[in-house]
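Since the structure comes first, as structure tokens, the remarks are kept for the end.
Note on naming: letters A, B, ... go to the chains in the order of the sequence lines (proteins, then strands), and numbering restarts at 1 for each one. No hydrogens, no waters, no symmetry mates; every other heavy atom, side chains included, goes into these values.
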2 protein chains.
Amino acid sequence: MKRNSRLSLALHTLSHMAFDTEDAQTSADIADHAGTNPVVVRRVLGKLRSAGLLLSERGHSGGWRLARETKHITLADVYDALGESFVAPRGQTDARTCSVAQSLEVQVSQIMKDIEESLVERLSRTTIADIQNSTKREPSHAH
Amino acid sequence: MKRNSRLSLALHTLSHMAFDTEDAQTSADIADHAGTNPVVVRRVLGKLRSAGLLLSERGHSGGWRLARETKHITLADVYDALGESFVAPRGQTDARTCSVAQSLEVQVSQIMKDIEESLVERLSRTTIADIQNSTKREPSHAH
DNA sequence: GACACCCGTAACTGCTATTGTTACAATAAG
DNA sequence: CTTATTGTAACAATAGCAGTTACGGGTGTC
């Protein structure tokens, strides 16, 4: 795996978990299924749990399960849960250079915030359930 | 500077160059102004030049100037010029694990492509000129 | 109680992307 | 010829991230 794999892994896992909402799935199973490591899975899913999208249970026959139906989990929920920030740089904002630069800096970051907001709005329009349904609705998507 | 600074630097520079469209600006000036390095500037602006957004001249009294008006340069132009890909991972796509995983992988990446497309569409609606005007239109943006 | 199972986390490694920096050839103006 | 400036290559330093090992803390089964 490479870049942006957290979001990819999260979506992948959520979609897959919807196939079997009864049994809790272990991080080992999920990792095996997604071609990664159990710890990586726990790291990512832990954020989803903090955001209330998943539930986890420790101990024997523990594991992960959905906290609510996939049609009530939007991509924006996942995005927010992961704390990603695609367009706007996270942190910094140097306060040096000339005043023109500072003013521009403010304007540029404001624009980036706006763009990010639009992105989230777009993400909120797609649910995990939509991902599962996408092939059913459009069997041959490519060309 | 830290992450995603290329887009930030590009927008910053383009906006700033619009204030003085007559004189060519050197990468040293731009770098000084933006708080970075001339080579970094040339790397980023070079991509904008390849995309036809900027013109550069070598030699004495050379430098950089806008190839067209800022109101005809959209953020999508810049984004495309930089070859960035915020949501969709660039490259890879492992072909292992189970078939369910593969199918999901396809669906997830299709969704990400759609999201990216929406993002670009949104970016195409804002021009560099809009950035400059943003403070004039909304003097006190925050609170 | 002993044991097996599973999450939660810390710590460390290795890889990759990115920025910063130096150096130098190529080009253009005076 | 000298000076200014881009275009690149090469390299170092840094940061983020996936992968891995290790272990503590719960929780069910026997």
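- Computed from coordinates, the W64(A) CH2 to dG26(D) C1' distance equals 14 Å when rounded to whole Å.
- Between the Q107(B) side chain and the I131(A) main chain, a donor and an acceptor come within less than 3.5 Å of each other.
- Separating the CG atom of D32(B) from the P atom of dT21(C) is a distance of 12 Å, rounded to the nearest angstrom.
- Sorted by residue number, the list of members of residues 44-52 of chain B with any non-hydrogen atom under 4.0 Å from DNA chain C is empty.
- Taken from CD1 in I128(A) to CG in L14(A), the straight-line distance is 4.5 Å, to the nearest 0.5 Å.
- Of all nucleotides listed (dA18(D), dT27(D), dT22(C)), dT22(C) comes nearest to the side chain of N37(B).
- Contact between the side-chain N/O atoms of S61(B) and the OP1/OP2 oxygens of dA29(C) is not found at any separation under 4.0 Å.
- Listed by first and then second residue, the salt bridge (Lys or Arg N to Asp or Glu O under 4.0 Å) pairs that reach into residues 21-31 of chain A come to none, sequence neighbours excluded.
- Atom CE of residue M17(B) and atom CD1 of residue I73(B) lie 9.0 Å apart, to the nearest 0.5 angstrom.
- Closest contact between the side chain of R42(A) and the listed nucleotides dT20(D), dG8(C), dA29(C) involves dG8(C).
- Straight-line distance from the CG atom of L7(B) to the P atom of dT18(C): 13 Å, rounded to whole Å.
- Ion pairing of E117(A) with K113(A) is absent here, as no side-chain N (NZ or NE/NH1/NH2) approaches a carboxylate O to less than 4.0 Å.
- Rounded to a whole Å, the NE2 atom of H60(B) is 12 Å from the P atom of dT6(D).
- Regarding E57(B), its CD atom lies at a distance of 10 Å from the P atom of dG7(D), rounded to whole Å.
- Side-chain proximity of S56(B) to dT19(C), dG8(C), dG7(D): nearest is dG7(D).
- Atom-to-atom, CD of E84(B) to C1' of dT18(C) comes out at 11 Å; the value is rounded to the nearest Å.
- A donor-acceptor contact shorter than 3.5 Å is absent between the side chain of Y79(A) and the backbone of S124(A).
- Of all nucleotides listed (dA29(C), dT27(D), dT18(C)), dT18(C) comes nearest to the side chain of R6(B).
- Note: S15(B) OG to Q132(B) CD = 5.5 Å, rounded to the nearest 0.5 Å.
- For S5(B), counting side-chain heavy atoms from C-beta on, the closest listed nucleotide (dG7(D), dA9(D), dT18(C)) is dT18(C).
- One distance of note links CZ of R42(B) with OG1 of T26(B); it measures 9.0 Å at 0.5 Å rounding.
- Spacing between atom CD of Q25(B) and atom P of dA4(D) amounts to 18 Å, rounded to whole angstrom units.
- When the side-chain nitrogen and oxygen atoms of S27(A) are compared with OP1 and OP2 of dC6(C), none of them lie within a distance under 4.0 Å.
- Of the candidates dT19(C), dT6(D), dT21(D), dT19(C) carries the atom nearest the R43(B) side chain, counting heavy atoms from C-beta on.
- As a whole-Å value, the separation of L9(A) CG from dA18(D) P is 9 Å.
- Contact between the side-chain N/O atoms of T36(A) and the OP1/OP2 oxygens of dA18(D) is not found at any separation under 4.0 Å.
- In this structure, of dT20(D), dG7(D), dT21(C), it is dT20(D) that holds the atom nearest to the side chain of V39(A).
- Closest approach to the R58(A) side chain among dC7(C), dT20(D), dT22(C) is made by dC7(C) (side chain taken as heavy atoms from C-beta onward).
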